[in-house]
Amino acid sequence: MKAVVITTPGGPEVLQLQEVEDPELKGDEVLIKVEATALNRADIVQRKGMYPPPPGSSPYLGLECSGTIEAVGKQVSHWQVGDKVCALLSGGGYAEKVAVPAGQVLLAPPGVSLQDAASFPEVSCTVWSTVFMMSRLSAGETFLVHGGSSGIGTFAIQIAKYLGAKVFVTAGSKEKLAFCKNLGADVCINYKTEDFVARVKEETGGKGVDVILDIIGAEYFRRNLDSLSFDGRLFVIGMMGGAVTEIDLRVVLSKRLTIQAAGLRYRSPENKAAIVREVENNVWPAIVAGKVKPVVYKYFPLSEAAEAHRLMESSKHIGKILLLP
């Protein structure tokens, strides 16, 4: 099969489409003929040599895909050859075929093209596990997502609105903020021209928001704590603004704050399967009903993976970037 190979750690130009061995299918896996894969920021970090795949995982990039099941392992009973699916991967999406544990596979949602279904697994599993399973965002609460125009952000706005939360976003341009508003965001803050803490306080009568989903890390840490209400929950899923910061525990104690952080990739297959089933039960109905839509900015052929990475690193995109074998 063909797959995008990282020839040496470095810039986008190190990505090359090459002939490689087909994946080996284990007993609890299915083999998917890839229709599309989607870019994630983690792919860029891995390309630079700083985010190795978990032991035993595919060496290739790609944390999600959609496609058609080509083969099933001996222990797999609930999937069949020909099923149209999408899947959460530990790697290997940037290829014509990928093997994935059967528990990480979802039926492609009706009403969404098989290509666009590739835009959902990573964002839905990330947002559902962090914002809902662990931070317990509920109807009537307030929710701030940083990077509202990202793949994570555009999905989080839609699912949080669907479930009855008031949604705040930050983004860096009028165009991105307008897009977020169109998706349903209630309060749109330009982080380049406004202080998001002041705006959050103003919009909540001084209280702050209940839950924050943060991709920035250190640079926003203190301001995030200042933006939370009593019993507020901060969930950190990225470190685009640094990894090391100081914490004033008095703020955490006095406001009874919860601070959590997690990634998806290094979780056990059992843990991932549990999240995937939650997504199937809670998110898929919203997608099928047309209340949560795929947001895809651009499609590239697999051979132009380097160009797709350049676009992601420019941050000019809104939503997801897809690669098509």
Side-chain angles (χ1 to χ4, degrees), residues 1-25 29-54 57-71 82-101 104-106 108 112-125 150-151 264-265 294-325:
M1 68 168 185
K2 288 189 170 71
V4 174
V5 175
I6 303 169
T7 51
T8 181
E13 70 284 349
V14 305
L15 300 176
Q16 287 185 12
L17 193 62
Q18 296 182 0
E19 281 287 339
V20 299
E21 291 291 316
D22 280 2
E24 279 183 31
L25 187 65
E29 292 181 332
V30 299
L31 185 69
I32 298 174
K33 181 179 187 291
V34 176
E35 180 84 10
T37 186
L39 269 68
N40 289 280
R41 289 266 168 200
D43 302 348
I44 290 167
V45 187
Q46 183 175 339
R47 189 200 71 217
K48 292 175 177 175
M50 296 181 285
Y51 191 50
S57 298
S58 168
Y60 310 118
L61 295 169
L63 297 175
E64 58 194 327
C65 75
S66 62
T68 306
I69 293 182
E70 251 191 12
D83 284 345
K84 306 292 186 191
V85 296
C86 55
L88 181 70
L89 311 173
S90 297
Y94 288 29
E96 291 177 325
K97 299 176 187 179
V98 64
V100 56
Q104 290 164 220
V105 179
L106 291 142
V112 175
S113 73
L114 189 55
Q115 276 186 4
D116 286 357
S119 70
F120 281 127
E122 183 74 21
V123 293
S124 59
C125 289
S150 66
L264 262 182
R265 193 178 196 185
V295 180
V296 178
Y297 185 75
K298 195 166 182 184
Y299 306 86
F300 288 89
L302 201 52
S303 57
E304 291 177 23
E307 211 42 55
H309 273 229
R310 285 187 191 100
L311 174 60
M312 178 166 261
E313 288 183 272
S314 77
S315 289
K316 286 176 183 163
H317 64 293
I318 292 172
K320 298 288 282 189
I321 301 164
L322 266 51
L323 291 175
L324 313 176

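Positions are given from 1 along the sequence.
Sorted by first and then second residue, the salt bridge (Lys or Arg N to Asp or Glu O under 4.0 Å) pairs with a member in residues 295-304 form an empty list; sequence neighbours excluded. Listed by first and then second residue, the ring pair (Phe, Tyr, Trp, His ring centres under 6.0 Å) pairs involving residues 305-325 are Tyr94-His309 (not counting sequence neighbours).
Checked against side-chain hydrogen bond (donor to acceptor under 3.5 Å, both in side chains), Glu307 has the following partners two or more places apart in sequence or in another chain: Arg310. Remark: Ser57 engages no residue in a side-chain hydrogen bond (donor to acceptor under 3.5 Å, both in side chains) (not counting sequence neighbours). The side chain to side chain contact (heavy atoms under 4.5 Å, CB included) search around Ala87 returns Ile32, Cys65, Leu89, Val100, Val105, not counting sequence neighbours. By the side chain to side chain contact (heavy atoms under 4.5 Å, CB included) test, Ser66 pairs with Glu35, Ala36, Cys86, Leu114, Ala117, Ala118, sequence neighbours left out. Not counting sequence neighbours, Gln104 has no partner by the side-chain hydrogen bond (donor to acceptor under 3.5 Å, both in side chains) test. Residues meeting the side-chain hydrogen bond (donor to acceptor under 3.5 Å, both in side chains) test with Lys84, sequence neighbours left out: Thr68. Among residues two or more places apart in sequence or in another chain, the ring-ring contact (aromatic ring centres under 6.0 Å, His included) test is passed with Tyr51 by Tyr266. Among residues two or more places apart in sequence or in another chain, the salt bridge (Lys or Arg N to Asp or Glu O under 4.0 Å) test is passed with Glu313 by Arg47, Lys48. With sequence neighbours excluded, the residues forming a side chain to side chain contact (heavy atoms under 4.5 Å, CB included) with Thr8 are Val14, listed by chain and number.
At distances below 3.5 Å, at least one donor-acceptor pair connects side-chain atoms of Glu64 with backbone N or O atoms of Glu122.
Minimum heavy-atom separation, Leu323 to Ala308: CD2-CB, 3.8 Å. The two residues Cys125 and Leu264 make their nearest non-hydrogen contact at CB-CD1, 3.7 Å. Shortest non-hydrogen contact noted between Ser58 and Gly92 is OG-CA, 3.2 Å. Considering every non-hydrogen atom in both Phe120 and Pro294, the closest pair reads CZ-N, 3.4 Å. Between Ala38 and Asp43, the shortest heavy-atom distance links the atoms O-OD2, 3.9 Å.
A 4.5 Å side-chain heavy-atom check between Leu61 and Leu15 finds at least one atom pair inside the cut-off. Looking only at side-chain heavy atoms (C-beta outward), Ser119 and Leu322 come within less than 4.5 Å of each other. Looking at heavy atoms from C-beta onward, Phe300 lies out of side-chain contact with Leu39 at the 4.5 angstrom threshold. Side-chain atoms of Pro53 and Gln46, non-hydrogen and from C-beta on, do get closer than 4.5 Å to each other.
Between the CD1 atom of Ile321 and the OG1 atom of Thr37 there is a distance of 12.0 Å, given to the nearest 0.5 Å. In this structure, the separation between CD1 on Ile44 and CE on Met50 is 10.5 Å, given to the nearest 0.5 Å.
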Side chains of residues 17-24: which donor-acceptor pairs under 3.5 Å do they make with residues two or more places apart or in other chains?
unit_1, atom_1, unit_2, atom_2, d
Glu19, OE2, Lys2, NZ, 3.4
Asp22, OD1, Met1, N, 3.2
Asp22, OD2, Lys97, NZ, 3.3

Quiz prompt | Test log, rule side chain to side chain contact (heavy atoms under 4.5 Å, CB included), inputs Lys320 and Val123 | solution = CA-CA 10 Å; Lys320 298 288 282 189; Val123 293; 4.0 Å; yes
